[in-house]
Every structure is written in C-alpha cells, then in structure tokens.
Amino acid sequence: MEYRELIREALKYRENAYVPYSRFKVGAAVIMDDNKVYGGCNVENASFGATNCAERTAIFKAVSEGNKKLKAIAVVGDTSTYTAPCGICRQVIAEFGDENTDIIIIKNENDYKIKKLEDILPGAFTKEDINK
Ligand code: THU
C-alpha cells in the first residue's frame with residue numbers, strides 16, 4: 001500500500017502541535033478500515049501528565065467519529081531521525097489495531113519504516129486477556 005498521502009497528513013498535522021513546554025512537535029495520521037483519514041498532533045498541558053500524544057489524538061478522533069478499526073498509523077516527530085510511538089500510544093494502537101496494522105515511523109516524506117504491532121509491543125495485553 002502506498003502511504004504517501006497518510007505521511008503528508010502526519011506532517012501537516014505536526015504544524016498544529018501545542019508544545020509550549022517541550023517544543024517537540026509530533027504529527028500523526030491514521031487510516032481506518034473505511035479508508036477515512038484522521039490527523040492529530042500532541043497537545044501539552046501545564047500539568048505535564050495531562051499531555052496527549054499525537055498518535056492518541058488521531059486515534060481518539062477516529063474512534064469518536066465511529067471508526068474503530070485501525071488499518072495504519074503514521075507518526076513523525078521533530079528531529080532528523082525516526083520518532084517511535086511512546087508506550088502508552090503503543091497500548092492504544094493495540095486496542096484498535098490488529099496483527100495487520102501498519103505502524104509507519106517517519107523520518108521524512110521519502111524515508112520511513114513500517115512496523116507491525118508484534119514488533120513494537122510484543123505480547124501486548126489486550127481485550128482477549130480480559131475475556132479469558
Ligand atoms: N510525544 C508524542 O506526541 N508522541 C509520542 O509517541 C512520543 C511523545 C509528545 C509528547 C510531548 O508533547 C512531546 O512529544 C515530548 O515528549
């Protein structure tokens with residue numbers, strides 16, 4: 001699958017990052033199983049723990065619009081290298097993704113790597129664990 005559009009969307013949403021504390025802008029974009037795309041950015045808070053990462057902003061936007069199946073998520077930070085999703089975001093990706101979900105870790109528009117959930121959160125705790 002060609003992810004150029006999703007990557008562009010993540011780069012676009014990075015511009016909206018609200019980062020007065022870290023100054024570290026992050027952008028993300030998700031494509032859901034109905035092919036709808038949602039973008040997100042990190043939104044910080046004076047109470048640092050209330051900060052929301054870009055990935056979760058994008059996923060929560062999609063879920064709140066009724067789209068719960070995550071086909072792919074793209075994420076880009078504010079460095080010249082790759083920015084990997086944080087642990088909390090990996091857990092949220094695990095909630096709405098599956099073994100086929102692509103996690104696109106962007107360095108720049110022409111340089112990115114694609115991972116699967118099992119690569120970034122092996123042995124994840126999921127709803128299946130609760131229903132055992
Ligand atoms: N951040 C994200 O938005 N996504 C990640 O996966 C890593 C961290 C944000 C949170 C905070 O606003 C800033 O990057 C520095 O940690």
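Every value quoted in this text rests on a predicted model; they were computed, and no experiment measured them. Remember, it's 1-based here, ligands and their atoms both numbered in the order they're listed.
In summary, the atoms of ligand 1 found under 4.0 Å from a heavy atom of P85, numbered by their order in the structure, are 6 (O). Listed by atom number, the atoms of ligand 1 under 4.0 Å from C86 heavy atoms are 5 (C), 6 (O). Interface atoms of ligand 1 facing E44, defined by a heavy-atom separation under 4.0 Å, are 11 (C), 12 (O), 13 (C). Below 4.0 Å from some heavy atom of S22 lie the following atoms of ligand 1, by number and element: 13 (C), 15 (C). Near A84, the atoms of ligand 1 lying under 4.0 angstrom from a non-hydrogen atom of the residue are 6 (O). Near A54, meaning under 4.0 Å from any of its heavy atoms, are these atoms of ligand 1: 2 (C), 3 (O).
With values rounded to the nearest 0.5 angstrom, L117 atom CG is found 6.5 Å from I93 atom CD1. Here NZ of K115 is found 6.0 Å from CD1 of I105. Values are rounded to the nearest 0.5 Å. Atom CD1 in I88 sits 10.0 Å away from atom OG1 in T51 (nearest 0.5 Å). Atoms CD1 and CD1, from I106 and I7 in turn, are 5.0 Å apart once rounded to the nearest 0.5 Å.
Distance screen at 4.0 Å: atom 1 (N) of ligand 1 has a protein heavy-atom neighbour inside the cut-off.
Between the side chains of Y38 and N67, at least one donor N or O lies within less than 3.5 Å of an accepting N or O.
The N/O atoms of N52, backbone and side chain alike, include none that comes under 3.5 Å of an N/O atom in ligand 1. Between T83 and ligand 1, no N or O atom pair is found at a separation short of 3.5 Å. Residue contacts with ligand 1: C53 is placed with no nitrogen or oxygen under 3.5 Å of a nitrogen or oxygen of the ligand (distance criterion only).
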- Apply the test salt bridge (Lys or Arg N to Asp or Glu O under 4.0 Å) to residues E99 and K116: give CA-CA distance (whole Å), side-chain angles for both, the deciding distance (0.1 Å), then the verdict. CA-CA 7 Å; E99 67 277 9; K116 297 288 186 189; over 6 Å; no
- Task: In sequence, state the C-alpha distance, the side-chain angles, and the governing distance for K12 and E9, and then conclude on salt bridge (Lys or Arg N to Asp or Glu O under 4.0 Å).
- Result: CA-CA 5 Å; K12 186 177 104 188; E9 205 67 4; 3.4 Å; yes
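Here the protein heavy atom with the shortest distance to atom 6 (O) of ligand 1 is E55 OE2, 2.6 Å. The single protein non-hydrogen atom nearest to atom 9 (C) of ligand 1 is N42 ND2, 3.4 Å, given as residue, atom name and distance.
Ring pair Y112/Y3: centre-to-centre distance not below 6.0 Å.
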